[in-house]
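Start at 1 and go down the list; that is how both ligands and their atoms are numbered. These numbers were taken from a predicted model, which means no experiment stands behind them.
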Amino acid sequence: MSDEQFVVTSTWQAQLSASLTCPEQLAELFGVDSAPLRLVAARYPLRITPHTLSLIEKPGDPIWKQCVPELPELVVDGLPEDSLNEANFSPVPAVVHRYPDRALLLVAGQCAGYCRFCTRKNRIGTSALAFSPVQLAEGIAYIQATSSIRDVILTGGDPLLLEDELLEDLLQQLHNIPHVEIIRIGSRVPVTLPKRITPALCRLLSRFHPLYLNTHFNHPRELTPESAIACARLADAGIPVGNQTVLLRGVNDDARVMSELCRGLLRMRVRPYYLHHLDQAQGTAHFRVPVEQGLAIVAAMRGQVSGLGIPQYVVDPPGGEGKVPLLPENLLELGETVKVRTTQGNVIVLPNRYGGC
Ligand SMILES: *Cc1c(COP(=O)(O)O)cnc(C)c1O
Ligand code: SF4
């Protein structure tokens, strides 16, 4: 598809409104039973953009698993609904302030498509995440009054579902705060609604540098020509684009798939940033992959992917103390000598302290 066709076919707003939200329609399209879809969609919102829908090859495939409601979401497993204890770190409703120097500003309550594994699935797409203009103003006032905050991360929901004018207004206000050194945007639209990344949006964003964007590809089949155009436009606008993947059972819990994803991201000038171990959120347990397997995947990638393309595997434990990197155990002993295991599995001992001068 040429860049030009991509622009003229329809607007991103039209694409978003053409999204699939009706369980019966979904069931009919794929010839599956609508009853379970209806049950789950009554509890957690369903929305699949036409772009994502076009990527599903068959029920149960890695694209399907991410966006189609499944009964295990309704299992009451005792996991918390606010797994990261965000409420305790919210000085005002639209802000999550957990590290002294960084704060999240929750600017949008909706996403282009709803991921079944979302940590905030209990609140996403509901009024609980839709903050009023007054609450957003309170959030910005909090950031302005808190000089330790150097890095503001726009999230939600998906900030790029805001219309350009509103986004521009928010970015301008943050940009005007002297102690805010960088702004980050977390958005899945390059994956689910790539048409949203218009030339006009990129021009707008490029006025607020240093601005970073982290997106969220989980599977190599999401690396489509449309998404590649979206990422290229962002990179051409001088925006460093990173990727946060969630490790998901049946989607990307495989070293070959993960390597292919990360190499493909590098080709699109997107830098793999984090590989998130699944958060402890109610209704997502069926996506859980054991940490041992996550570590084995990252270890296997070492030999197959440029260091530039290997994300940091992290877990965000309940309680909200912050992300913890999980590393394969390559450091076997640390003392007078250092004993390490190489990518090939050999054990090598090297001196740790050097005497003399
Ligand atoms: C992940 C996160 C950040 C950003 O963390 P980085 O490791 O700097 O990317 C900031 N605030 C909260 C609450 C977070 O969960
Ligand atoms: S795009 Fe992100 S915030 Fe939105 S539903 Fe998916 S995981 Fe949740």
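Listed by number with element, the atoms of ligand 1 under 4.0 Å from a non-hydrogen atom of Y274 are 6 (P), 7 (O), 9 (O). Atoms of ligand 1 found under 4.0 Å from any heavy atom of R102, numbered from 1 in the order shown, are 5 (O), 6 (P), 7 (O), 8 (O). Close contacts of ligand 1 with Y273, meaning ligand atoms under 4.0 Å from a residue heavy atom, involve 6 (P), 7 (O), 8 (O), 9 (O). In the vicinity of R188, heavy-atom distances shorter than 4.0 Å reach the ligand 2 atoms 1 (S). For ligand 2, the atoms sitting less than 4.0 Å from at least one non-hydrogen atom of C118 are 3 (S), 5 (S), 7 (S), 8 (Fe), numbered in the order shown with element in parentheses. Using a 4.0 Å cut-off to heavy atoms of C111, the atoms of ligand 2 that qualify are 1 (S), 3 (S), 4 (Fe), 5 (S).
Of the protein's heavy atoms, C115 N, 3.4 Å lies nearest to atom 5 (S) of ligand 2. The nearest heavy-atom contact from the protein to atom 15 (O) of ligand 1 is R98 NH2, 2.7 Å. Scanning the protein heavy atoms around atom 2 (Fe) of ligand 2, the nearest turns out to be H216 ND1, 4.3 Å.
No close placement of the F117 and H286 rings is indicated, their centers lying 6.0 Å or farther apart. A centroid separation of less than 6.0 Å is found between the aromatic rings of H175 and F208.
Here R188 pairs with E222 in a salt bridge; the nearest charged N to carboxylate O distance falls below 4.0 Å. Using a 4.0 Å cut-off between a side-chain N of Lys or Arg and a carboxylate O of Asp or Glu, R116 and E70 do not qualify as a salt bridge. Between D158 and R196 there is no salt bridge, since no side-chain nitrogen of the basic residue lies less than 4.0 Å from a carboxylate oxygen of the acidic one.
At a heavy-atom cutoff of 4.0 Å, ligand 1 is contacted by no atom of F89, backbone or side chain. By the criterion of a heavy-atom distance under 4.0 Å, neither the backbone nor the side chain of Q312 is placed next to ligand 1. For D151, no heavy-atom contact with ligand 1 is shorter than 4.0 Å. At a heavy-atom distance under 4.0 Å, only side-chain atoms of K323, from C-beta outward, approach ligand 1.
When L104, D316, I153 are checked for heavy-atom proximity to atom 12 (C) of ligand 1, L104 turns out nearest.
In this structure, I124 is part of the shell of residues with a heavy atom less than 4.0 angstrom from ligand 2. Ligand 1 is approached by R184 to a heavy-atom distance shorter than 4.0 Å.
Atom CD of Q172 is surrounded by more than 12 heavy atoms from other residues, nucleotides or ligands within 6.0 Å.
We find the CD-OG1 distance between Q66 and T192 to be 10.5 Å, quoted to the nearest 0.5 Å. One distance of note links CG of L266 with CZ of R271; it measures 8.0 Å at 0.5 Å rounding. Taking CZ of F217 as the start and CD of Q244 as the end, the distance is 13.0 Å to the nearest 0.5 Å.
Checking T245 against N243 by side-chain atom types alone, a donor-acceptor pair falls below 3.5 Å.
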